[in-house]
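Both backbone and side-chain heavy atoms feed into the values below; hydrogens, waters and symmetry mates do not.
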Amino acid sequence: MKRFSLSKIILAFVLSLTLIFPYLNVTALADVTITQDQLNIVNPFIEQAATTFANLDPSIKDPIIEKVRNFVNGNISETTKDLLNSIASTLSSINTTNYNVTADNIVLLAQAMKTFITSDKRQSILEQIESGTTINPEDVALKPEDIDTDALSSFNTAHNNVINFLINNVQTGSLLNLIQEHHNNLRIDDNFKVYYALGDTVYSLDDINNNSTLKEIVNQLLKDINNNLNLDQIVTAADSFSSAARGLSSDNQNLLRAVLNAYGIQNYTPTNGGGTSGGGAIIGGSSSGGTEVTEAGTPIAASNVDLTKETTVASSDNAIRLDIPAGVISNSDGSTLKVSINVLDDTQAKTIADKVNTGSLTLLGKVYEFYFKATKDGKDTYITTFDKPITVKLSLNGIDTTKYDPRKISLFKIDNDTAIYRGGKYDKAANTITTKLYGFSTYALMYYNKTFKDISNHWAKDDIEYMASKHITDGITPDTFNPEGNVTRAQFAAFLIKLLNVPYQTKATPFTDVKSSDWYYNDVTTAYNIGLVKGVSPDKFAPNDNVTREQMAAMALDALKYMGKDTTINQDEVTKFLAQYKDANNVSSWAKEAVAASVKYNIMNGMTQVTYSPLSTSTRAQAIAVISRLFDMQ
């Protein structure tokens, strides 16, 4: 039987339940009836989930079964979230299979099972799992009589009420349309106020509506996704939505939050009760009705910006330098533009360090505030997001690079006492760290030293730790990496997007198997739009297929091309580089140039001196080794 990761089983099971229930059908059902055909949609996933659990080692399986029994029988002292989190943690510790499971997914599955499946059937399924490794499909399959139709009817009615609320109370569905097509930029707080994310910063709709530059950016984004909405309509819809949502009962408010979560809307907690987050730089100005900004720290460099020219802002000791490209922002209103660099004093820096330092993360050197100010008619506006990236270069002079591996030093954004990775490539000759920023805030150099217990003697240990320090890869658990595990096409696309530090693109793709609810949606969509990936057919990407070595070579070569590097190769070179491998005939015709170029430019080598293994699937270690080489080529 083909093995699926448990996360896929859970997701498929929950999605199948939504087909049966029906989860988002706006026409309420007077009487709920369940057919065997409907249940047969779910049953293969129940069988696979049961088989997966049954095959676990008893030392892992037995405690999980006991916890699940306690949950479905109501015999628990822990909260639901804590209980299911502990189950997720146990599953995530298994490094022989990719159990990429979140507690939230387990909550959905377990609560669906507890709510809609009769007690007798639940016990029968659990007994089957406990009994051994062989699962009889007939014994775990659901029949119509196994479904609690009263609970199902209540669930259906309640959810229909919430969906009808969305449609009837939100300006002819404008906000719902936005949620469906542009949800990756939306945030909604616990009080149902709507926010919009641009780059690193979350803005209230009022802040965007009152700032011409931001308003233009948002309207262009909406235009790019072929949505007939504009920001004014969204503001009106959001106000109506917020007012109506706050009028719902507490239970229906919770249900509404669940529906929004199902759409992929991220919950947002406003900073200091305000409408934006972004550290030291905030859109506003007391004269314009926004939030007044008090610049922090001591100025060490500043320069006016002419949008028709490149501008450099650097400290007198060259400890820090900003290179600002021409056309960094769209601005035609005659404002005077100024970029400045401030540095916090040692006391302020230590206060931040005490909050953000961890066992593996250490703040090094100064803490900087970057400001981009537009002034017109005596009114100041602080710009925090740009159309083109600004390059920042920081010297490592004064930092002990014998104690801190300079390759693992990067720039981090400091936001609400949280350190957020923002890239950084080490230049040994210049002894500097360089990265690109699409927004301004509070920044500092930090050293991130991460390792995993299952790579101590692995050939790729250095590459894995290097790329972990750059936040390009994580372990499958906090302590394990699973270097010999497989890599899917979507996962490798995500590696490339993290490598290139590319802002997410919003234009659609032709792929029908890449949904907006998928974790990899932003990564695959962006990779496609900037030319890094292609489909396996005109409308299929096959995101969950394991990536082959020739596919990885093609994607890696396109990433090198995106960096602006030379990737040319002539036919004689293709013949020469392929000739050294006795399995060259196995290379697909479309991939021959990419495979040969991957060898020419030292992106990939053969599996052995005489074999390339183009159709073999890549391991996590092999993929990260390729990403590491690409990182150093930037």
Side-chain angles (χ1 to χ4, degrees), residues 200 278-282 293-329 331 335-353 356 362-375 380-386 388-404 406-415 419 422-447 634:
D200 296 336
I282 302 173
V293 173
T294 301
E295 294 191 10
T298 302
I300 58 172
S303 176
N304 286 341
V305 175
D306 181 343
L307 293 179
T308 66
K309 304 175 182 178
E310 295 184 1
T311 305
T312 296
V313 184
S315 61
S316 58
D317 59 358
N318 287 319
I320 184 168
R321 165 177 164 164
L322 301 178
D323 291 323
I324 305 162
V328 63
I329 62 170
N331 184 296
S335 294
T336 299
L337 304 175
K338 181 180 179 181
V339 167
S340 57
I341 304 171
N342 291 10
V343 62
L344 300 187
D345 63 35
D346 291 343
T347 301
Q348 292 170 310
K350 184 179 184 306
T351 299
I352 290 174
V356 299
T362 306
L363 190 149
L364 305 174
K366 301 292 185 180
V367 177
Y368 296 98
E369 294 276 1
F370 301 152
Y371 296 101
F372 197 140
K373 183 168 65 175
T375 304
D380 294 334
T381 299
Y382 284 77
I383 301 165
T384 58
T385 57
F386 318 130
K388 297 180 180 179
I390 290 177
T391 300
V392 56
K393 181 178 292 186
L394 297 103
S395 171
L396 296 187
N397 292 343
I399 294 175
D400 186 353
T401 54
T402 62
K403 179 179 179 181
Y404 301 106
R407 298 184 311 154
K408 298 179 181 179
I409 297 174
S410 306
L411 191 68
F412 282 74
K413 174 183 173 182
I414 311 301
D415 189 2
R422 282 294 174 260
K425 183 174 183 290
Y426 174 58
D427 183 331
K428 184 176 181 180
N431 196 34
T432 57
I433 295 293
T434 302
T435 190
K436 295 181 183 296
L437 298 177
Y438 285 86
F440 271 178
S441 185
T442 306
Y443 295 93
L445 288 175
M446 300 191 74
Y447 174 69
Q634 293 184 101

**Study point:** Contacts of type side-chain hydrogen bond (donor to acceptor under 3.5 Å, both in side chains), residue Thr401, not counting sequence neighbours
**Key:** none
Review point. For Tyr368, which residues count as a ring-ring contact (aromatic ring centres under 6.0 Å, His included) partner, sequence neighbours excluded?
Key: none
Practice item. List for me each residue that meets salt bridge (charged side-chain N to carboxylate O under 4.0 Å, His left out) alongside Lys350, sequence neighbours excluded, and say none if there are none. Key: Asp354
Check your understanding: With sequence neighbours excluded, what pairs up with Thr308 under the side-chain hydrogen bond (donor to acceptor under 3.5 Å, both in side chains) test?
Key -> Asp306
Study note, to complete from the structure: Applying side-chain hydrogen bond (donor to acceptor under 3.5 Å, both in side chains) to Thr347 and not counting sequence neighbours gives none
Practice item. Not counting sequence neighbours, which residues clear side chain to side chain contact (heavy atoms under 4.5 Å, CB included) with Ala296? List them please. Key: Leu344, Glu369, Tyr371
**Study point:** Those residues that, when tested against Pro299, pass side chain to side chain contact (heavy atoms under 4.5 Å, CB included) (two or more places apart)
**Key:** Asn342
**Study point:** Qualifying residues under ring-ring contact (aromatic ring centres under 6.0 Å, His included), relative to Tyr404, sequence neighbours excluded
**Key:** Tyr447
Review point. Is there a donor-acceptor pair closer than 3.5 Å between any side-chain N or O of Ser315 and the backbone N or O of Ile320?
Key: yes
**Study point:** Partner residues of Asp346 under the salt bridge (charged side-chain N to carboxylate O under 4.0 Å, His left out) criterion, sequence neighbours left out
**Key:** Lys366
Study note, to complete from the structure: Residues at least two apart in sequence or cross-chain that pass side chain to side chain contact (heavy atoms under 4.5 Å, CB included) with Ala349, listed by chain then number, are Val367
Point to revise | side-chain contact (heavy atoms from CB on, under 4.5 Å) partner of Val339, the single match among Asn304, Thr311, Leu322 | key: Leu322
Point to revise | side-chain hydrogen bond (donor to acceptor under 3.5 Å, both in side chains) involving Thr312 - partner list, sequence neighbours excluded | key: Asp323
Practice item. Quick one: list whatever passes side chain to side chain contact (heavy atoms under 4.5 Å, CB included) with Lys393, sequence neighbours left out. Key: Thr432, Thr434
